[in-house]
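One structure is given here, and the rest of the page talks about it.
Letters go in sequence order (proteins before strands), and every chain restarts at 1. All of these numbers come straight from a predicted model, not from anything done at the bench.
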Number of protein chains: 2
Amino acid sequence: MSLRYALLGFISTEPASGFDLAREFGESMGWFWYASHSQIYPELRRLEDDGLVASTEVTGNPGKQKRIYRITERGEAELQTWLEQPTEYAPMRDVERVKLVFLDGAPVEVIRRHLEDHRKHHEDLLAIYTQQLGELHRGVFPRLVKRLASRPESARELITGLKILAMKGNIDRARTEIGWAEDALSWLEGIQ
Amino acid sequence: MSLRYALLGFISTEPASGFDLAREFGESMGWFWYASHSQIYPELRRLEDDGLVASTEVTGNPGKQKRIYRITERGEAELQTWLEQPTEYAPMRDVERVKLVFLDGAPVEVIRRHLEDHRKHHEDLLAIYTQQLGELHRGVFPRLVKRLASRPESARELITGLKILAMKGNIDRARTEIGWAEDALSWLEGIQ
DNA sequence: GAACCCATGTAAGTTGTTACATGATTGA
DNA sequence: TCAATCATGTAACAACTTACATGGGTTC
């Protein structure tokens, strides 16, 4: 159910094509909700069937056909209702943790490699998040700029603040994972 | 693919019935990998078809029928292979974050309620994790006791250490989320 | 002409959820 | 006898993944 609202939220900032959305949900928006294009295109059609978005075929650039979706009033209303409802937290499913607790029969180097990969993974994420936080602060993050333009001046502080908050949350998480992996690696040094 | 290995890992400690596994994957093991009984029963049958586990029908207690699964040699080998392979990290899908970034049109109280719920959710988790960490340290955590009994003495430090590590990771995460929510709530105070 | 990006889709399969269904035992 | 716990399953559906499929435009 969440993909439709993530799409709706995105479209509420600015009309977009399936391709635009697929790009964002694989990249920047992917830092909150990942989705592939094969999931997005059918969902957009369903959203249109339900009257939450409306589309127009654009043949602007020579030959290029493109379907642009914009949010409807009903879409705005449904999105708002969903946003305000309490969140149902997804059950935990953590492959890396499952591996870790059962790795007690493996050589220590294997465990070390896992922990190093874990650290690396979150260091890579941290680098991206940090860069994006900078862009948010400098007011050059494209999605932020567009949202500010489409909303009343009075919402300015909230719009910027909430995006910064969300990004900071990602940064906190990444740092926590890195710190944990480092502690784990030092502990592992003393083993054997 | 991960459910089967989580089940296999679990069974590698001690033979178990579908019901046992369903209980654990909904409770303590659920803190690493949640699964419902309707997913577990068919998966156990498939594991048996593939020769990774073997089962025996037990009619011990009067009337009660129960199928106990134990791991096979092939199962042990496949589990070990999977454990040692690098982890593929699941794409991010965070409903709460999606809500937050689009909540800029909602009243501040709604945002506050979301953040308070978030803090509460992770405080509840933290309480459970903290209790379980205590049990691990005191050596009374049932799964730890069973695993120690089924493995060579030399693996003792690793078995205990890895479980403590995993639980500490959960605690770190919970604390991070709580801290983030509190910072967010203070920031929200200054808004309006 | 090859490689790459834009652009949109479908099909088959896997994984996970929710609800339905059954039946025995235990304890209040 | 009523509720709870033990115990195992199936069915329908929703969500997600991977692979297949097509075609135009741009750039080297």
Side-chain angles (χ1 to χ4, degrees), chain A residues 1-8 11 15-27 29-30 32-50 53 55-69 82 87-95 98, chain B residues 1-8 11 15-27 29-30 32-50 53 55-69 82 87-95 98:
Chain A
M1 228 44 246
S2 296
L3 172 60
R4 47 172 27 205
Y5 294 106
L7 289 168
L8 221 43
I11 297 170
S17 67
F19 190 83
D20 295 336
L21 292 159
R23 197 202 295 110
E24 295 284 342
F25 279 71
E27 293 169 24
M29 183 65 188
F32 300 113
W33 195 275
Y34 170 83
S36 63
H37 79 270
S38 62
Q39 215 190 341
I40 290 170
Y41 286 114
E43 190 61 49
L44 284 171
R45 294 302 179 121
R46 278 191 290 269
L47 278 165
E48 188 164 31
D49 291 346
D50 296 346
V53 300
S55 75
T56 26
E57 185 112 28
V58 177
T59 331
N61 311 37
K64 269 187 194 165
Q65 27 91 69
K66 200 177 189 175
R67 184 170 292 276
I68 303 287
Y69 293 86
W82 178 79
T87 303
E88 305 235 10
Y89 286 85
M92 158 103 78
R93 280 190 192 96
D94 186 330
V95 193
V98 170
Chain B
M1 228 46 245
S2 296
L3 173 61
R4 46 173 27 205
Y5 294 106
L7 289 168
L8 220 42
I11 296 170
S17 67
F19 190 82
D20 295 335
L21 292 159
R23 197 202 296 110
E24 295 283 343
F25 278 71
E27 293 168 25
M29 183 65 188
F32 300 113
W33 195 274
Y34 170 83
S36 63
H37 79 271
S38 62
Q39 216 192 339
I40 290 170
Y41 286 115
E43 189 61 48
L44 284 170
R45 293 302 178 120
R46 278 191 290 270
L47 278 164
E48 188 163 31
D49 291 344
D50 296 346
V53 301
S55 75
T56 26
E57 185 111 28
V58 177
T59 331
N61 312 35
K64 269 188 195 164
Q65 28 89 71
K66 200 178 190 175
R67 185 171 290 276
I68 303 287
Y69 293 87
W82 179 79
T87 304
E88 305 235 10
Y89 287 85
M92 157 103 77
R93 280 190 190 96
D94 186 331
V95 193
V98 171

*asked:* Looking at C:dT8, I'd like to know if its phosphate oxygens (OP1 or OP2) sit under 4.0 Å from a side-chain N or O belonging to A:Tyr41.
replied: yes
To the nearest angstrom, the CH2-P distance between A:Trp33 and D:dT17 comes to 10 Å
Rounded to whole Å, the CZ-P distance (B:Arg4 to C:dT15) equals 8 Å
The ring-ring contact (aromatic ring centres under 6.0 Å, His included) partners of B:Tyr5 (sequence neighbours excluded) come to B:Trp82
| message | Base, sugar-phosphate or nothing for A:Arg93? Non-hydrogen atoms, less than 4.0 Å. | response | sugar-phosphate
Next on the checklist: Given 3.5 Å as the limit, does a donor-acceptor pair link the side chain of A:Glu48 with the main chain of A:Ser55, or not?
Outcome noted: yes
- Please assess A:Leu7 against A:Tyr69 for the test side-chain contact (heavy atoms from CB on, under 4.5 Å), listing each intermediate value before the final yes or no. CA-CA 10 Å; A:Leu7 289 168; A:Tyr69 293 86; over 6 Å; no
When rounded to whole Å, the OH to P distance for the pair A:Tyr34 and D:dA15 reads 17 Å
B:Met1 atom CE is separated from C:dG16 atom C1', nearest whole Å, by 15 Å
Winner on side-chain proximity to A:Phe19, out of C:dT8, D:dT8, D:dT17, is C:dT8
Rounded to whole Å, CG of B:Asp20 lies from P of D:dG9 at a distance of 13 Å
Residue pair A:Glu43/B:Arg67 against DNA chain D: nearer the 5' end by closest nucleotide is B:Arg67
Between N or O atoms, less than 3.5 Å apart, protein on one side and nucleotides 18-23 of chain D on the other: list the pairs.
unit_1, atom_1, unit_2, atom_2, d
D:dT18, O4, A:Ser38, OG, 2.6

Between CD of A:Glu24 and P of C:dA7 the distance, given in whole Å, is 13 Å
Taken in chain and number order and not counting sequence neighbours, the residues that satisfy ring-ring contact (aromatic ring centres under 6.0 Å, His included) with B:Phe19 are none
Hits for side-chain hydrogen bond (donor to acceptor under 3.5 Å, both in side chains) against A:Glu88, two or more places apart or cross-chain, chain-then-number order -> none
Sorted by chain and number, sequence neighbours left out, side-chain contact (heavy atoms from CB on, under 4.5 Å) with B:Pro42 holds for B:Arg46
Sorted by chain and number, sequence neighbours left out, side-chain contact (heavy atoms from CB on, under 4.5 Å) with A:Pro15 holds for A:Ile68, A:Arg70
From CG of B:Leu21 across to C1' of D:dG9 the rounded distance in Å is 15 Å
A:Met92 atom CE is separated from C:dG16 atom C1', nearest whole Å, by 17 Å
Per atom distances to the B:Arg45 side chain, the nearest of D:dG9, D:dC16, C:dA7 is D:dG9
